[in-house]
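Quick note: numbers below take in every heavy atom, side chains included, and nothing from hydrogens, waters or symmetry partners.
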Amino acid sequence: MFKVKQYYQFIVVLPLFLFSFNSLSANNEKQVKVQWFGQSAVKITTPQGKNILIDPYLTANPKTPSQYKDLSTLGKIDLILVTHAHFDHLGDSPALLKACDCKLIAPSGLEDNLNYLGMVDANKLIHMNKTGTVYPIDGVSVTMVHAEHSSELDWIDLKTNKHQVLYGGEPVGFIITINNQFTIYHMGDTGLFSDMALIGKYYHPDLILIPIGGNFTMGPKDAAYATNNWLKPKYALPIHYGTYPVLRGTPEEYKKSLVNNTTDVINLQPGESTTFNF
């Protein structure tokens, strides 16, 4: 009798377990995780568990928490995106590409020089250009768009110890669409440009990763103008501020400038992450 009772309990509990498991799986299929490491370094984890690392300036980044300066703590990386050639965006990309079974998307001229200098193997590169769209991993499309900035590759030839400033292609931003349902716009380093209005109307970003530090990029007021008038996303994550004294803009200033705006500003500390449901 005891065994029969246990059997019936199992029959009753099993459907509840399966319902809970299926609900959890369904929820995971609608979640994107975003982790910020300071400056413009961001890791995006898709519902399929794929990891996209953008502008991985980590080991030399004064704001990156110490545990993430050990690149092995990042876990498996499936794709690296670099918006331009400057040291605080290219960062640890060459080292990561040697260590991981992943590919790089970067401005075309930067890719060419990284390969020419022997820093990145050609088979690690995905070639594209502005307005192009590629489908590099399951459930993800990446579109390259304009950014208003520069992209010099600062390089020291270890054989001659000579310093050189090389062509790094044109700076870009990335539109990353996940499962055709959630769109992230990593703006890279950029000032205001009026075609942000086209990007907002055409791509409808749900989340923008927006520079606010000033001096080299938009400051808080410019970033708020772009958010209010052109992009109008559901969420905004401020980046590229506070890493160095010259990057004076703050999330508080950005929020204050967002007048009559429904955008939810996500203020993370370096190393922290948040999850978006869609």
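Under the side chain to side chain contact (heavy atoms under 4.5 Å, CB included) test applied with K50, the options I44, I137, L79, I178 reduce to a single match, I137. Among I239, L81, L237, L207, the single residue meeting the side chain to side chain contact (heavy atoms under 4.5 Å, CB included) criterion with H186 is I239.
Of all heavy-atom pairs spanning P107 and M144, the tightest one is N-CE, 4.2 Å. A pairwise comparison of heavy atoms in S141 and T133 identifies CB-CG2, 4.1 Å as the closest pair.
Between the T190 side chain and the M187 main chain, no donor and acceptor come within less than 3.5 Å of each other. Looking at D92, its side chain does come within 3.5 Å of a backbone N or O of L58 through a donor-acceptor pair. Checked by atom type and distance alone, the side chain of D121 never pairs as donor or acceptor with a backbone atom of N123 at under 3.5 Å. A distance-only check finds a donor-acceptor pair linking the side chain of K43 to the backbone of L74 [under 3.5 Å]. Between the side chain of S40 and the backbone N or O of G188 there is no donor-acceptor pair closer than 3.5 Å. Under the 3.5 Å distance criterion, the side-chain polar atoms of T64 are left unmatched by any main-chain donor or acceptor of K69. With hydrogens and angles ignored, the 3.5 Å screen pairs no side-chain donor or acceptor of D157 with any backbone N or O of K162. With N113 contributing its side chain and Y167 its backbone, the two residues share a donor-acceptor pair below 3.5 Å. Between the side chain of E148 and the backbone N or O of L192 there is no donor-acceptor pair closer than 3.5 Å. Within the 3.5 Å criterion, the main-chain N or O of L97 finds a donor-acceptor partner in the side chain of K124.
T274 and Y235 are not linked by any side-chain donor-acceptor pair at a separation below 3.5 angstrom, with hydrogens and angles left out of the test. When only modelled atom types and interatomic distance are considered, Q39 and D88 share a side-chain donor-acceptor pair under 3.5 Å. Side chains of S108 and N129: no donor on one and acceptor on the other come within 3.5 Å.
Linking Ile, Leu, Val, Met, Phe, Trp and Tyr residues whenever their side-chain heavy atoms come within less than 4.5 Å leaves V82 and V142 in two separate clusters. By the rule that hydrophobic residues join a cluster once side-chain heavy atoms approach within less than 4.5 Å of another member, I54 and M128 end up as members of one cluster. Under the 4.5 Å side-chain contact rule for hydrophobic residues, I80 and L110 share a cluster.
In this structure the side chain of F174 reaches within 4.5 angstrom of the side chain of I105, judged on heavy atoms. Looking only at side-chain heavy atoms (C-beta outward), D189 and H84 come within less than 4.5 Å of each other. Residues D78 and I52 form no side-chain contact, since every pair of their non-hydrogen atoms from C-beta on lies 4.5 Å or further apart. Between P56 and L96 there is a side-chain heavy-atom pair separated by less than 4.5 Å. Here the side chains of L258 and N228 are in contact, with some heavy-atom distance below 4.5 Å. Using a 4.5 Å cut-off on side-chain heavy atoms (C-beta onward), E272 and Q35 make no contact. Side-chain contact between I77 and L71 is absent, with no heavy atoms from C-beta onward closer than 4.5 Å.
Between D206 and K234 there is a salt bridge, since at least one side-chain N of the basic residue sits less than 4.0 Å from a carboxylate O of the acidic one.
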### Query
Would D195 and F193 satisfy side chain to side chain contact (heavy atoms under 4.5 Å, CB included), going step by step from the backbone distance to the final call?
CA-CA 6 Å; D195 275 354; F193 60 94; 3.8 Å; yes
### Message
Using the rule given for side chain to side chain contact (heavy atoms under 4.5 Å, CB included), can you reason through F216 versus L247, listing the C-alpha separation, both sets of side-chain angles and the distance that settles it, and then say yes or no?
### Response
CA-CA 8 Å; F216 299 108; L247 305 179; 3.9 Å; yes
#### Entry: Trace of the side chain to side chain contact (heavy atoms under 4.5 Å, CB included) decision for F276 with I184
CA-CA 11 Å; F276 298 92; I184 300 170; over 6 Å; no
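Residues passing the side chain to side chain contact (heavy atoms under 4.5 Å, CB included) test with K33, sequence neighbours excluded: T45, S273, T275.
Aromatic ring centroids of Y203 and Y185 lie 6.0 Å or more apart.
Note on ring orientation: taking the six-membered ring where Trp is involved, the planes of H240 and H89 are parallel (angle under 30°, cut-offs 30° and 60°).
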